[in-house]
Amino acid sequence: MSLTNASEEAAVTVRRVVTTTLPTRYGTFELIGYQGSDASEHVALVWRHDGVSTVEPPLVRVHSECLTGDALGSHRCDCGDQLDAALQAITSAPSGALIYVRGHEGRGIGLLNKLRAYALQDNGRDTVDANTELGLPVDARDYGQSAEILRDLGINRLRLLSSNPAKQIALESLGITVVGRQQLPVPEHDESSSYLAVKRARMEHDPAPDIHAWELLSRGILPEGASGYGQRDLVERYGPLLEAGDSLVIAQLGQSLDGFIASRTGDACFVTGEEDREHLHRLRALVDAVIVGAGTVTADDCQLTVRSVPGTNPVRVILDPHARVPHASKLLTDPAAPTLWLVSVEADLPARVADHVEVHRMDSADDFRPRRVLDFLRQRGLGRVLVEGGGLTVSRFLRDGALDRLFLTSAPLLVGDGVPGIRFDGDDRLAGALSAPMRRFILGDDICSEFNFSAARTGGIR
Ligand SMILES: [Zn+2]
């Protein structure tokens with residue numbers, strides 16, 4: 001290295017050497033190689049989304065090298081998952097960078113010392129005690145060169161992707177302004193959970209991220225981009241629906257405060273507002289199948305897709321014993337999602353149906369009972385189901401005790417008379433009314449009440 005100016009040599013310990021591009025499965029980055037005065041070598045992956053003006057500070061991860069986690073798929077630590085999640089988050093943002101810091105193996109003790117510490121951990125030491133027993137620091141990482149690289153990239157203000165408050169403090173002490181720090185929700189493995197617990201208990205790392213956030217993000221339930229990590233209210237609202245696993249039956253109805261889902265003439269456009277529609281589309285993205293009665297298809301010509309969110313469309317299931325839905329309805333003509341048309345043995349069908357439509361003749365009228373329909377769908381791998389309408393169909397599933405949860409959204413409207421929402425033969429006494437543990441969400445002008453019937457059945461919440 002030849003520096004002409006002696007005073008500059010004292011200040012600068014890392015210099016830009018080469019710039020190229022790196023196409024990856026996340027996108028194409030500008031890749032910049034840096035050489036430290038201590039012979040260290042680092043790279044920066046720089047992301048700038050073309051044509052997007054960046055009002056927000058860039059999203060940055062300062063990633064400590066970890067051969068075993070990053071390249072070999074180790075489950076002893078979460079480095080590989082963090083790297084993967086960081087690159088995904090950065091490429092979802094308008095701009096960002098990942099500084100890959102070499103020489104940070106094992107929090108700065110080096111690769112072989114890290115393996116020595118692993119050997120001690122095999123015999124019961126935790127990650128902190130193992131380093132101490134080897135006579136090594138618990139965390140020897142220095143962020144001076146990282147800060148210089150950030151400055152070289154013109155990044156003096158950033159949003160930091162890290163679970164480690166000490167990393168933020170270190171960068172701030174080096175003159176970098178951290179306007180926010182976001183935790184990356186990554187899966188925990190059996191082998192890494194005790195290691196991560198020790199980092200939280202003894203090294204002041206953030207508490208465990210809600211693992212639901214990651215799955216909701218990957219299913220398109222959280223808004224795209226890094227700001228999605230801040231959507232705690234959405235994680236709390238939809239996370240419990242992931243816990244049910246492969247078997248979940250939910251229903252949703254939007255109605256007026258006096259309990260009608262449409263006017264007397266069937267006008268249902270729109271009882272509840274935009275936020276309830278987004279909520280409904282998120283529910284659709286969380287299930288395998290969505291069920292509607294023939295009356296709703298006839299009245300609303302619904303699409304039952306997830307247009308408001310980026311998730312996957314569920315299979316659309318029409319309960320239609322007499323095959324009376326119009327042949328020109330969207331469910332039968334629009335191939336946006338597979339449609340399963342459940343009809344009786346004697347129903348009259350058109351000569352041919354579109355390729356996305358599968359007709360199934362149920363053996364008997366009994367097979368249209370809610371639990372029989374759900375069993376049938378479960379056998380076909382459609383265990384997570386949303387019963388969407390209309391009022392009659394949802395009420396039948398409710399009466400049958402087939403629902404795990406009901407989302408009932410009330411709009412500030414009084415319709416007077418019209419198409420009713422929930423209706424069933426009630427009890428003579430109020431004590432016999434249906435109730436369950438519940439939560440409420442404000443959706444714009446509307447209020448959504450969530451009844452948790454599965455918790456009521458198991459006595460889980462009350
Ligand atoms: Zn690691």
Side-chain angles (χ1 to χ4, degrees), residues 24-26 34 36 40-45 59-90 96-146 149 160-171 181-209 211 213-214 229:
T24 71
R25 62 174 173 270
Y26 313 96
Y34 289 89
S40 59
E41 295 175 332
H42 312 290
V43 295
L45 284 84
L59 197 57
V60 171
R61 168 128 182 120
V62 176
H63 189 85
S64 295
E65 170 184 31
C66 174
L67 175 76
T68 48
D70 297 340
L72 305 179
S74 166
H75 282 186
R76 287 192 90 121
C77 62
D78 63 349
C79 302
D81 290 326
Q82 293 273 352
L83 179 62
D84 179 58
L87 290 171
Q88 286 195 37
I90 287 166
L98 182 131
I99 316 298
Y100 193 90
V101 190
R102 308 283 305 282
H104 270 190
E105 270 289 356
R107 299 192 297 272
I109 62 176
L111 176 61
L112 296 190
N113 279 334
K114 179 176 84 171
L115 302 189
R116 287 189 182 97
Y118 280 174
L120 288 175
Q121 288 167 45
D122 291 341
N123 293 317
R125 276 12 147 258
D126 72 26
T127 182
V128 172
D129 290 340
N131 282 34
T132 308
E133 195 165 322
L134 290 167
L136 296 165
V138 173
D139 194 340
R141 287 176 291 185
D142 179 280
Y143 295 98
Q145 293 184 337
S146 305
I149 291 170
L160 187 66
L161 290 170
S162 176
S163 311
N164 184 1
K167 205 177 266 188
Q168 174 175 353
I169 293 166
L171 290 174
R181 186 169 57 81
Q182 294 168 22
Q183 196 175 6
L184 287 160
V186 298
E188 265 183 40
H189 304 287
D190 289 345
E191 304 92 332
S192 68
S193 57
S194 64
Y195 160 81
L196 295 172
V198 170
K199 289 218 295 192
R200 286 167 196 139
R202 302 190 64 183
M203 300 179 72
E204 294 178 348
H205 275 232
D206 294 337
I211 195 61
W214 187 239
Y229 296 113

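Order of appearance sets the numbers: ligands from 1, and atoms from 1 within every ligand. All of these numbers come straight from a predicted model, not from anything done at the bench.
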Notebook entry, point to check: Is any protein N, O or S atom closer than 2.8 Å to the Zn ion (ligand 1), and if so, which?
Noted result: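 Hits for the Zn ion (ligand 1) below 2.8 Å: Cys66 SG, Cys77 SG, Cys79 SG.
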Next item on the list: Apply side chain to side chain contact (heavy atoms under 4.5 Å, CB included) to Arg116 and Leu136, showing your working.
Entry: CA-CA 11 Å; Arg116 287 189 182 97; Leu136 296 165; over 6 Å; no
Check: Is it true that a side-chain atom of Arg181 and a backbone atom of Ser162 form a donor plus acceptor pair closer than 3.5 Å?
Finding: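 Answer holds: yes.
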Checklist line | Worked verdict on Ser64 versus Arg141 for side chain to side chain donor-acceptor pair (under 3.5 Å) | finding: CA-CA 9 Å; Ser64 295; Arg141 287 176 291 185; 3.0 Å; yes
Check: Which heavy-atom pair separates Ile99 from Ala44 by the least distance, and what is that distance?
Finding: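 Taking every non-hydrogen atom into account, CD1-CB, 3.9 Å.
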Check: Given side chains that start at C-beta, do those of Gln182 and Leu59 come closer than 4.5 Å, heavy atoms only?
Finding: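 With C-beta onward as the side chain, the pair touches.
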Next item on the list: Take Asp139 and Lys167 through the test salt bridge (Lys or Arg N to Asp or Glu O under 4.0 Å) and record every step on the way to the result.
Entry: CA-CA 11 Å; Asp139 194 340; Lys167 205 177 266 188; over 6 Å; no
